[in-house]
Amino acid sequence: MPSNSIVVENLSKTYQVPEREAGFSAAVQSFFKRKYKDIKAVHQVGFNIAQGEVVGFLGPNGAGKTTTLKMLSGLLHPTGGNATVLGFTPWQLKPEYLRAMTLVMGQRNRLAWDIPAADSFLLNQAIYRIPDDEYKQTFKELDDLLELAPLMKKPVRNLSLGERMKCEIAAGLLHRPKVLFLDEPTIGLDITGQVRIREFLREYNKRTGATILLTSHYMADVTALCERIIIIHQGSLKYDGGINDLSRKIAPFKLIGVRLADADSHDLSGYGTEVQNEEDADKRYIQVRAEDVTRVTSRMLADLPIHDITIADPPIEDVIEQAFNQ
Amino acid sequence: MNFLRLISTFIKVNLQMSLAYRSEAVIEVLLDLTWLAWELLSLQIIFSNTVSLGGWGKGELIALLGVLMLVNTFLAMFIWPNTEKFNASIRDGSFDYVLLQPVNSMFLVTFSRITVWRIFDLLVSATLIIVGININGDVIAPLNIFIFILLAISGSLVIYSLWIVLIAFTFWFTKFDNNITILQALTDTGRYPATVYPWWLRVIVTFVIPIALATTIPVQALRGDLSTSQIFIFFGISFISLIIASQVWRVGVKRYSGASS
């Protein structure tokens with residue numbers, strides 16, 4: 001059992017946000033006397049992540065994902081609880097800690113806009129005190145996986161979003177961090193771009209054994225990379241476990257899809273809840289409890305003119321949405 | 001030693017950046033020369049009517065102009081471009097990356113932009129100082145030149161500290177883009193020797209707003225006008241202001257990480 005890279009206990013962050021009613025008089029009042037409201041962005045969250053693990057961190061907008069990542073990377077002080085990453089308390093911002101981790105935020109730029117990425121990389125080499133030979137080797141490895149070389153000489157502003165993201169990620173990895181916090185690393189990229197980054201992260205994790213905690217809006221990122229997911233909603237932990245166990249625990253349902261001889265004339269409400277599925281228009285789907293699948297299926301086969309039948313787990317997106325709503 | 005290595009990398013990278021905007025650099029140099037010509041012309045006009053201004057002769061005022069240009073060069077090389085970068089980084093959130101680098105954040109904010117070609121202005125201001133001194137025909141003791149250099153550096157450090165405090169206010173007020181307008185307005189008061197101003201303004205210009213520390217006072221040292229205790233008081237002021245500035249910065253950064261989301 002490898003040791004834990006990340007240990008989080010009862011971590012909480014409460015913001016004080018100024019609050020006022022709409023309108024002019026309220027604006028004047030709040031100028032003289034501000035009212036504050038406490039927002040619990042993160043509330044008593046706890047989990048451990050083992051060295052080398054890749055964990056997906058999921059939740060809707062405003063769930064507290066970025067706040068948690070910022071606390072773990074050291075940018076924010078928590079208002080309660082504790083966390084250690086690689087044995088360091090992140091928000092003390094010890095240089096030894098900063099040299100061992102990286103935070104990549106898909107929506108923020110680390111690279112200077114007007115110069116080629118190669119020059120920004122040199123800057124990082126100096127800042128992280130990376131010896132020349134080590135730098136060369138790391139760069140070669142990253143170039144292997146991301147095909148950076150053709151991008152290095154163009155000013156960053158002339159790169160496409162996908163190319164820039166590759167450079168941003170590489171810039172964050174030059175110092176060979178042991179822990180990677182990735183906040184929406186594939187945001188805005190097209191499918192090919194997303195797949196490239198995904199493949200890269202998987203390969204990088206395999207080669208270096210780095211611990212990765214990543215948030216993403218694209219479910220495919222998570223299903224492709226993570227065996228384990230942590231779901232957070234309204235600041236609280238909702239689920240922590242295997243991605244395959246999720247549907248069993250949160251939504252113990254199966255989807256039965258049938259293609260019928262005269263599709264629209266049958267009423268399926270007696271078998272289960274009918275659900276919409278845009279992808280496959282000539283099929284109709286009903287959702288039934290997992291333990292009822294065999295019974296319902298045999299009844300349907302007996303009663304209905306069925307051409308084709310499928311039984312599947314509900315899409316992970318739906319399951320997670322269900323988890324949020326619980 | 002690592003800091004020196006870092007600065008040299010910063011210079012290298014920034015040189016690349018200014019080469020991307022060559023024409024801008026050329027125009028700036030031309031503007032500086034025009035400014036200089038104008039200042040010299042107005043000195044010429046003043047001294048066609050009088051022989052001394054607040055006890056200062058023409059040569060000394062040219063030297064003062066050189067020192068003022070030196071200060072302006074220092075501002076244009078480090079302070080203005082880094083302020084621009086800093087304000088942008090607060091706005092778009094990339095300041096997060098500054099904090100997460102294993103180097104002192106105040107250092108990064110100070111040196112990440114360097115307008116390297118301003119070295120040209122540095123040469124011009126050095127010329128002005130030397131010419132100004134020679135017009136008077138006085139022989140200046142090497143010790144005074146040495147003290148002059150030290151005082152010019154410590155005066156610049158005071159301006160630098162003021163700058164750090166001003167931009168650190170951004171951590172409290174978030175929207176504080178005009179944080180250095182004050183500094184810009186102030187550097188202009190250094191144009192004439194502080195002794196031209198009435199005593200109360202002189203106190204303000206010297207101690208409250210320390211521009212004179214970087215302009216008039218070093219030139220006074222060249223003239224041998226300063227007593228040893230005065231010199232040490234000025235060193236002390238610059239040392240203390242640097243300490244205050246770094247403390248304000250530290251608290252500000254802590255505040256930033258407490259409040260941002």
Side-chain angles (χ1 to χ4, degrees), chain A residues 13-17 39 41-42 62 64 66-67 69-71 73-79 90-91 93-105 107-116 118-129 155-158 168 171-172 175 177 181 183, chain B residues 1-22 24-25 81-82 84-85 88-109 111-116 171 173-174 250-251 253-261:
Chain A
K13 176 75 187 176
T14 306
Y15 293 117
Q16 285 207 320
V17 210
I39 302 279
V42 174
T66 304
T67 305
L69 280 194
K70 281 191 168 185
M71 286 193 278
S73 58
L75 283 170
L76 286 178
H77 287 243
T79 41
W91 44 91
L93 293 175
K94 292 229 172 81
E96 302 81 39
Y97 174 61
L98 298 176
R99 263 196 279 276
M101 58 76 74
T102 196
L103 170 71
V104 176
M105 293 180 279
Q107 282 159 313
R108 297 202 175 155
N109 304 323
R110 171 197 312 259
L111 301 170
W113 202 241
D114 294 319
I115 52 170
D119 294 314
S120 286
F121 280 26
L122 284 182
L123 209 58
N124 274 15
Q125 188 197 350
I127 284 173
Y128 286 94
R129 294 191 225 165
V156 170
R157 71 185 131 86
N158 292 345
E168 286 277 341
H175 58 287
F181 297 112
D183 194 15
Chain B
M1 256 5 232
N2 191 47
F3 278 157
L4 287 181
R5 197 181 146 206
L6 268 178
I7 290 180
S8 79
T9 316
F10 280 135
I11 290 176
K12 224 188 298 173
V13 168
N14 277 286
L15 202 57
Q16 298 259 349
M17 272 192 262
S18 31
L19 287 176
Y21 295 101
R22 273 162 306 207
E24 195 190 346
N82 282 300
E84 206 175 295
K85 167 132 196 269
S89 75
I90 292 285
R91 229 178 297 124
D92 68 17
S94 54
F95 187 70
D96 287 354
Y97 286 133
V98 175
L99 284 184
L100 289 186
Q101 285 170 346
V103 178
N104 181 296
S105 58
M106 198 165 117
F107 173 85
L108 285 176
V109 162
F111 291 108
S112 66
R113 286 279 175 282
I114 304 170
T115 321
V116 184
F171 296 128
F173 305 120
T174 334
R250 204 176 54 85
V251 177
V253 164
K254 213 169 168 195
R255 154 98 199 174
Y256 173 85
S257 55
S260 74
S261 57

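The environment of CZ in R157(A) is crowded: more than 12 heavy-atom neighbours from other residues, nucleotides or ligands sit within 6.0 Å.
Of the residues considered (L100(B), T9(B), V103(B)), L100(B) shows the highest number of contacts with chain A, using heavy-atom pairs under 4.5 Å. With respect to chain B, the highest number of heavy-atom pairs below 4.5 Å among L122(A), I115(A), N124(A) belongs to I115(A). Contact tally against chain B (heavy-atom pairs below 4.5 Å) for H175(A), R99(A), E96(A): the top residue is R99(A).
Contacts between L93(A) and chain B at a heavy-atom distance below 4.5 Å involve the side chain alone, from C-beta outward. For M105(A), the parts lying near chain B are the backbone and the side chain together; criterion is any non-hydrogen pair under 4.5 Å. In this structure, chain B has a heavy atom under 4.5 Å from the backbone of N109(A), while its side chain stays farther away.
Judged by distance alone, with hydrogens and angles left aside, the side-chain atoms of T102(A) form a donor-acceptor pair with the main-chain N or O of G172(A) at under 3.5 Å. For the pair S105(B) (side chain) and L99(B) (backbone), a donor-acceptor distance under 3.5 Å is absent. Without hydrogens or angle criteria, S112(B) side chain to V109(B) main chain gives no donor-acceptor distance under 3.5 Å. With hydrogens and angles ignored, the 3.5 Å screen pairs no side-chain donor or acceptor of D183(A) with any backbone N or O of T66(A).
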